[in-house]
Amino acid sequence: MNVRVRFAPSPTGYLHIGAARTALYNWLFARKHGGKFLLRIEDTDLQRSTEESTRSIFEGLAWLGLDYDEEVVFQSANAEKHRAAARRLLEEGKAYRDFTPREERSDANIKQEIAERARRAAAGAESKINPYRDLPREESDRRAAAGEPFAIRLKVPREGRSEFYDIVYGKQEREYAEIEDLVLVRSDGHPLYNLSVVCDDIEMGITHVIRGQDHLTNTHKQILIYRALGAPVPQFAHLPLILAPNKAKLSKRKHGEVVSLTTYRDRGFVPAAFRNFLALLGWSPADGKEIMTLEEMIERFSLEGIHRSNAIFNFNEHDPRQWTDPKALWMNAEYIHHMPLAELLPLVRAELEEAGLWRAEYEGERRAWFERTVDLIRQRFHTLKDFSGQGRAYFSDEFAFDEAAVEKNLRREPRLKELLPELARRLETVEPFTAETVERALRAFAEEAGVKAGLLINAARTALTGQAVGPSMFEIFETLGRERSIQRLRAAVDLI
RNA sequence: GGCGCAUUGGUGUAGCUGGUUAACACGCCGCCCUCUCAAGGCGGAGAUCACGGGUUCGAGUCCCGUAUGCGCUGCCA
């Protein structure tokens, strides 16, 4: 079978990480089976859809490295086709006109309203059976011709049950009696979601619908539409939801920027790392491997490996160290430490460019230096931002001193006021200026001065980098070079 | 309210057709290394597998019920 799947986000707000995961799974499935991964923007809710949001979807997918095949489909462009499909169903007697005056629903407490209405219906106060369902054709036509507004509803069988097999959740059943005749086209002529999705999926030749579990029960309705339209029904695979730590739905209003994919890009995540983390939120490979390249992920991916229980996205908004899931943070650091240097370099370059620290010579005569330096400092970094933050001193002479580091490594020992300039003086003649030679010189000096080498080393770390932590100090001397090292050792005296 | 789905340490997961000391990763704690650590190495604590009944020689694994959570139930998507 020729696999064709799609990612169909609605462009309202930023790209949610849950949606990003859905996109990833669809993409992995398509690539695994040599199929097509299509993109469809469901922009039929004109009120809420924004161009900015559409852009964030494109950017998000590109950032994650999820390329799509064929042309992007904008659902709004197909509205006429959707209406035509509904008209056809009307003609064939599979749908009917509902002349009930439209009820306005406020978005605010819509859920309670629905529950309340269902409760009344169950109590028998309101009939679930639409009075227009069996309106004679002639009368329906006459009223429509007279200009009376109507919605188009699908005729759902009164008896029997709907069944389908979900690849993730297994066999699904639902009594038709529990499904209300659903509206296909609004009385203002606007086609509704269930109709549009089905029509577009048919037209796009979708073979597998992989989407959030929130659509699981609605699938019965959609299958009814496929059948009515005489189209083959695709396979379905629903994905568990991603929940907040309190098990509530992850939402922008309540949880803020942690749910937005762009946040991760903006805060220095390596795309591959976040993609890797996302993949594991609701799916796991048979062999339990966690750190995977894209190829390894494609190789291992299967819909059967997707779990049924919702995943909790763990974070703590009161703890800056855990602004997002600790495992995501760990994984990002893991990637920065171990990914091929050649793949990291462009990411560091982009970060430095953004911070105004990039210099052309890093691609030219200083290229070897740049690569060595990045390789040296990456071992302690956790995000790409660290290259321009904590790592600023390696790329610029204007860098900030960490106050705690100054206190701990410089101010606590007044003798450093004399020791540092003397160390600088001695380094002037060290030849060649390498980690080994500097180490020898420094240790000899420490012994002569009667101080621990650690005192000078830690003081030098803060003097040269502004930080209390970092790579092996002698490597830093070599990387920064004699001139800068000496200059910074002397300048540090003012801080003591 | 009705219907559906889920439930293994704090979190993400493994545990296939019933027999394991319930496994792995993150996090947490401790130790080691050391010139620092938000690095690295080593180790530890933490789960009566939501609860209650069954079936069975034996159940995290099968059945029933309960609870909790989530989802759907809309002329939103």
Side-chain angles (χ1 to χ4, degrees), chain A residues 8-10 12 42-45 47-49 75 98 100 102-105 107 110-111 113-123 149-153 166 169-170 172-175 178-180 182-188 190 192-194 196-197 212-221 238 240-241 243 245-249 277 280-284 286-288 290-291 307-315 321-322 325-331 333 337 379-382 386 390 405 408-409 439 442 452-462 467-474:
Chain A
S10 53
T12 54
E42 306 212 326
D43 55 347
T44 51
D45 187 337
Q47 256 90 46
R48 292 192 293 165
S49 297
Q75 189 161 65
D98 177 4
T100 311
R102 182 176 176 183
E103 241 180 281
E104 287 297 339
R105 293 189 189 280
D107 242 30
I110 187 82
K111 295 292 173 194
E113 250 185 74
I114 292 166
E116 187 47 42
R117 201 171 74 99
R119 214 162 303 153
R120 282 201 307 270
F150 60 85
I152 300 177
R153 283 186 189 268
D166 187 273
Y169 287 93
Q172 299 295 309
E173 298 178 278
R174 211 173 165 199
E175 296 292 329
E178 284 158 18
I179 306 175
E180 202 175 8
L182 56 142
V183 174
L184 265 17
V185 180
R186 227 151 60 177
S187 50
D188 62 4
H190 189 81
L192 257 19
Y193 174 72
N194 283 309
S196 298
V197 185
Q213 187 238 54
D214 44 346
H215 294 283
L216 188 60
T217 31
N218 278 333
T219 303
H220 291 99
K221 296 178 181 176
H238 286 86
L241 267 22
L243 269 27
N246 61 357
K247 297 190 174 184
K249 197 170 176 176
F277 170 75
L280 262 16
L281 220 49
W283 169 77
S284 57
D287 63 358
E290 294 207 307
I291 304 279
H307 329 122
R308 283 183 276 274
S309 59
N310 295 337
I312 293 176
F313 191 67
N314 202 16
F315 61 93
R321 291 264 305 276
Q322 286 182 35
D325 199 301
K327 193 151 181 175
L329 260 10
W330 165 79
M331 199 167 278
H337 299 168
Q379 294 308 325
R380 261 88 177 172
F381 288 169
H382 291 75
D386 291 335
Q390 291 178 43
K408 178 177 163 224
N409 292 337
E439 174 159 16
L442 184 144
K452 280 184 167 177
L455 175 72
L456 295 179
I457 290 168
N458 288 325
R461 174 171 291 109
T462 300
Q467 302 289 313
V469 306
S472 166
M473 195 52 219
F474 303 109

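Chain identifiers are assigned alphabetically (A, B, ...) following the order of the sequence lines, protein sequences preceding nucleic acid strands; residue numbering begins at 1 within each chain.
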Query - Given RNA chain B, 5'-ward residue of the pair A/Asn194 and A/Pro326, judged by closest heavy atom - result: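 Nearest-nucleotide comparison on RNA chain B picks A/Pro326.
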
Report summary line: Between A/Ser309 and A/Gln379, the residue closer to the 5' end of RNA chain B by nearest nucleotide is A/Ser309

Locate the shortest heavy-atom distance separating [X] from [Y]; write the atom from each residue and the value.
X: A/Ile179; Y: A/Lys221; value: CG2-CG, 3.9 Å
X: A/Leu241; Y: A/Asp214; value: CD1-N, 3.9 Å
X: A/His238; Y: A/Gly212; value: CD2-O, 3.2 Å
X: A/Tyr169; Y: A/Pro240; value: OH-CA, 3.4 Å
X: A/Ala453; Y: A/Leu442; value: O-CD2, 4.1 Å
X: A/Val183; Y: A/Ala151; value: CG1-CB, 4.1 Å

Query raised in the report: Does the side-chain ring of A/His337 sit on the six-membered ring of the B/G40 base, less than 5.5 Å centre to centre and under 30° in tilt?
Result: no

Look at all strands and tell whether [X] reaches a base, only sugar-phosphate, or nothing, counting heavy atoms closer than 4.0 Å.
X: A/Lys452; value: nothing
X: A/Thr100; value: base
X: A/Tyr193; value: base
X: A/Gly282; value: sugar-phosphate
X: A/Gln172; value: sugar-phosphate
X: A/Ser284; value: sugar-phosphate

Query raised in the report: Taking only Watson-Crick and G-U wobble pairs with both distances under 3.5 Å, what dot-bracket line describes RNA chain B, where [ ] shows pairs that cross earlier ones and | shows pairs with another strand?
Result: (((((((..((((.....[...)))).(((((.......))))).....(((((..]....))))))))))))....

Query raised in the report: Is a salt bridge present between A/Arg186 and A/Asp188, judged by a nitrogen-to-oxygen distance below 4.0 Å?
Result: yes

Look at the side chain of [X] and decide which nucleotide, out of [options], has an atom nearest to it.
X: A/Leu281; options: B/A25, B/C76, B/G12; value: B/G12
X: A/Arg174; options: B/C75, B/C3, B/C70; value: B/C3
X: A/Glu290; options: B/A77, B/U11, B/A25; value: B/A25
X: A/Arg102; options: B/C75, B/C70, B/G4; value: B/C75
X: A/Val183; options: B/C75, B/A77, B/C72; value: B/C75
X: A/Asn218; options: B/A77, B/A14, B/G27; value: B/A77
X: A/Leu241; options: B/C70, B/C5, B/C76; value: B/C70
X: A/Lys327; options: B/C5, B/U13, B/A25; value: B/A25

Counting only side-chain N and O atoms of [X], is one of them less than 4.0 Å from OP1 or OP2 of [N]?
X: A/His190; N: B/A77; answer: yes
X: A/Arg153; N: B/C75; answer: yes
X: A/His307; N: B/U13; answer: yes
X: A/Arg186; N: B/C76; answer: yes

Could you check if a side-chain atom of [X] sits within less than 4.5 angstrom of a side-chain atom of [Y], using non-hydrogen atoms only?
X: A/Leu280; Y: A/Met331; answer: yes
X: A/Arg321; Y: A/Leu329; answer: no
X: A/Arg380; Y: A/Asp386; answer: no

Which whole number of Å gives the distance between the [atom1] atom of [N] and that of [M]?
N: B/G43; M: B/C24; atom1: P; result: 11 Å
N: B/G2; M: B/G74; atom1: P; result: 16 Å
N: B/U8; M: B/C62; atom1: P; result: 14 Å
N: B/C63; M: B/U55; atom1: P; result: 15 Å
N: B/C51; M: B/A45; atom1: C1'; result: 26 Å
N: B/G52; M: B/A67; atom1: P; result: 15 Å
N: B/G41; M: B/G27; atom1: P; result: 12 Å
N: B/G71; M: B/G60; atom1: C1'; result: 25 Å

**Report entry** A/Lys221 NZ to B/C76 P, straight-line distance once rounded to whole Å
**Finding:** 12 Å

Query raised in the report: Is a side-chain donor or acceptor of A/His337 paired with a backbone partner of A/Phe381 at a separation under 3.5 angstrom?
Result: yes

**Report entry** nucleotides 29-38 of chain B: protein proximity per nucleotide (B base, S sugar-phosphate only, - neither; heavy atom, under 4.0 Å)
**Finding:** ------BBBB

Query raised in the report: Which nucleotides of nucleotides 46-51 of chain B have their base under 4.0 Å from a protein heavy atom (B), which only their sugar-phosphate (S), and which neither (-), written as one string 5' to 3'?
Result: ------

What's the spacing between [X] [atom1] and [Y] [atom2] if we round to 0.5 Å?
X: A/Ile457; Y: A/Glu439; atom1: CD1; atom2: CD; value: 7.0 Å
X: A/Asn314; Y: A/Leu243; atom1: CG; atom2: CG; value: 12.0 Å
X: A/Gln213; Y: A/Ser309; atom1: CD; atom2: OG; value: 10.0 Å

